[in-house]
Number of protein chains: 2
Amino acid sequence: MALIVQKYGGTSVGSVERINAVAERVQACREAGDDIVVVVSAMSGETDRLLSLAKEINPHPHGRELDVVLSTGEQVTIGLLSMALEARGCPARSYTGAQVCIHTDGAHNKARILGIDDQRVRADLTAGRVVVVAGFQGVNDSGCITTLGRGGSDTTAVALAAALNADECHIFTDVDGVYTADPRVAPQARRLERITYEEMLEMASLGSKVLQIRSVEFASKYNVNLRVLSSFQGGSGTLIAEEVEDMEQAVISGIAHNKDEAKLTVVGVPDKPGIASHILGPIADANIEVDMIVQNVGVDNTTDFTFTVHRNDYDKALEILNQVASDLGAKRVNGDNKIIKISVVGVGMRSHAGIASKMFSALADEGINIMMISTSEIKISVVIAEKYLELGVRTLHSAFDLDAAEPEKA
Amino acid sequence: MALIVQKYGGTSVGSVERINAVAERVQACREAGDDIVVVVSAMSGETDRLLSLAKEINPHPHGRELDVVLSTGEQVTIGLLSMALEARGCPARSYTGAQVCIHTDGAHNKARILGIDDQRVRADLTAGRVVVVAGFQGVNDSGCITTLGRGGSDTTAVALAAALNADECHIFTDVDGVYTADPRVAPQARRLERITYEEMLEMASLGSKVLQIRSVEFASKYNVNLRVLSSFQGGSGTLIAEEVEDMEQAVISGIAHNKDEAKLTVVGVPDKPGIASHILGPIADANIEVDMIVQNVGVDNTTDFTFTVHRNDYDKALEILNQVASDLGAKRVNGDNKIIKISVVGVGMRSHAGIASKMFSALADEGINIMMISTSEIKISVVIAEKYLELGVRTLHSAFDLDAAEPEKA
């Protein structure tokens, strides 16, 4: 008998039919002998409805009051799911974040979980009940309702799993696991049976939106076995867990890509201390986030400074840079928003040399020019022209022996 | 400076515009120097939406879980109203029933308030804030959310006013006060400046649906000054309060009527002990509520037994009675669902003789036949044919000198 925390997102509980389907699945797990704690999000669309109602009243709603309003979305779902379980003869009890003492700091709309009192949940489990907990919300020192920000339900589930020392935390989504690449781009992509926290964090930060980064960090910190599963089909999903030493580990776990970036270069900047902050200061002041940064030594005591931003910020960043370049006496500003970033990710990289050169030569063999390179301990990213997206991903997927014998269903 | 508890129902907070209008009114009261505690209902339609969602999941939803779902309606409103107040620069703070410790018994969906911890509200008032409390809900001994049942927001407001020893409790509705009669029936009806709890209870039980009976009982028990006002227009409304000895009291405060009743008579029942229970037992078993009951001594050791029920229950009651009458050896059953009940209500009745005869002769002068009579200490009710509704109400309104010099706006 295992203790499992299950988390169902907004789409999985988006209608009465879907809620009934979740109840059926929970009941089946219960009857298989497991103790089940379920964390749910608001029904899909509900958080947006409440948010727009709030913004209509007050374009800049008070954080405390916004949390009072938004937290009702999950509260409705816990009640409905508990009813659905009871209707099936499966004893259940619902709890809001406050009721189950998900204690957070006071940062309304983006609170962080400080601790969970597991007494109440354990008592219900002992009494044979399924416990249904509202995700995304908690309570601060003063008894005010807080919310954890978008996607916070994943974090609630992981935090509960950690507090209860659960055997696994199952995150039900609309995909059936983590893939070696996006199957829409690379039909040969395979579902991974297992991936480490670090790899998952790199994949997530590179645009694979299977899990919230924060929940993976949380799982890593408390060593919670996290499993990504599909709400709509069967399968064992992908286990995200600690690195296992004796596991026969592939060198590369997956190929991630990101289509949301744009690249900007300040060409011919006089090379003196403080350039980076002179260029990136105004960009940060405009609340534009910077991803990759590369600086090359140039000729004549000048340098070229290149970085990437989100495509939505491209026009704004270009405008700022043109001003900055003229202030700095730089030659010109080049911009390109038809680029993509491709990354190879794998903890195996730590103990294997030659990954970078293998990556670069595979791309070169296809005539793909690399514009920028950035590396971390378990990841190598390159920026290439947008038109090479499919070719680049598929080439690397094959080069690192990730291709499935048969294409799997996405 | 007074402490006022204001309660706004679902229609008064039914849209963003309406919520803004409420915020404006609250702010004006605050700026006039009063301390304000606001109790709100769910936005109109919201409770029904949640209820039907719950019933779709489970036709007989678990009471505890239904309360978890239903209580979100008011929670949304408190957040939105607080935002609207803050947007106006009026400091406000919202509280759910649980947060402000509205302690109830455990009867989910129809809980009774046992006590309120006023510490938190007082602290906010002292800090200059408007306190916005969710009506209709509370928390039981085990920390579970409870609801008070329909109309419970009035009771929340009165209970808060009692706990805080407020100067007045204002109930904002879609009418501007309590009238001497229904203005749609009697154009000469006047708004009452003041009425006693007892009179209000009689009026309410007779079909004047201005206030929930339970909230008036609560106000009477704790001596809370209750004022009924319009959300949509000005005016001082009607004060419902203790009887004032030296007040120049009209003998009759108002003429109430009820169009929802139907009359049934078992004719020629053998007159022996236990008839009433033999007749009314099966009616009660069918969950049919009985209002007026009259038994006349007849001839030949038989009696006629007459009572009224809600019109919706008429057919069912008639069917049951036909069976009962045959069992009892009664002659026949007569039924009439084209009747109405008219009542004169007034505490002045206690010290004035001749009210009944004045009432009966006024009706007789208009040729209106009285079918049943029932009396209480401060009320006389008669059942007459439905076609005499307007004539009957207007005749009595004039006979007891209630007519306004000029017809008021309803």
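Chain identifiers are assigned alphabetically (A, B, ...) following the order of the sequence lines, protein sequences preceding nucleic acid strands; residue numbering begins at 1 within each chain. This one's a predicted model, so the numbers in the text were calculated from it and none came from an experiment.
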Query - Choice from A:P59, A:A54, A:A23 maximising heavy atom contacts with chain B below 4.5 Å - result: A:A54
Query raised in the report: Between A:N20, A:L53, A:I19, which shows the greatest number of heavy-atom pairs under 4.5 Å with chain B?
Result: A:L53
Query - For B:M83 against A:V69, the heavy-atom pair lying closest together - result: CE-CG2, 3.8 Å
In Å and rounded to the nearest 0.5 Å, what is the [atom1] to [atom2] distance from [X] to [Y]?
| X | Y | atom1 | atom2 | result |
| --- | --- | --- | --- | --- |
| A:I78 | B:E65 | CD1 | CD | 7.0 Å |
| A:S15 | B:E56 | OG | CD | 8.5 Å |
| B:N58 | A:L80 | CG | CG | 10.0 Å |

Report task. For the residue pair A:Q99 and B:I145, establish whether any side-chain heavy-atom pair is separated by less than 4.5 Å. Result -> yes
Report which part of [X] has an atom under 4.5 Å of a heavy atom belonging to chain A: side chain, backbone, both, or neither.
| X | result |
| --- | --- |
| B:R93 | both |
| B:L50 | side chain |
| B:A98 | neither |

**Report entry** Chi angles and distances behind the side-chain contact (heavy atoms from CB on, under 4.5 Å) call for A:R64, B:E86
**Finding:** CA-CA 11 Å; A:R64 180 189 187 280; B:E86 298 263 353; over 6 Å; no
Query raised in the report: What residue in B:A84, B:A92, B:S82 has the most heavy-atom pairs under 4.5 Å with chain A?
Result: B:S82
Requested in this report: For chain A, find which of B:P61, B:A87, B:S94 contributes the most heavy-atom pairs closer than 4.5 angstrom.
Outcome: B:S94
Report summary line: residues 156-165 of chain B vs chain A, non-hydrogen distance cutoff under 4.5 Å, contacting residues -> none
Query raised in the report: Under the side-chain hydrogen bond (donor to acceptor under 3.5 Å, both in side chains) criterion, do A:Q75 and B:T72 qualify, and how do the steps go?
Result: CA-CA 7 Å; A:Q75 190 173 326; B:T72 62; 5.8 Å; no
Report task. Please check if atom CZ in A:R112 has more than 12 non-hydrogen atoms from other residues, nucleotides or ligands closer than 6.0 Å. Result -> no
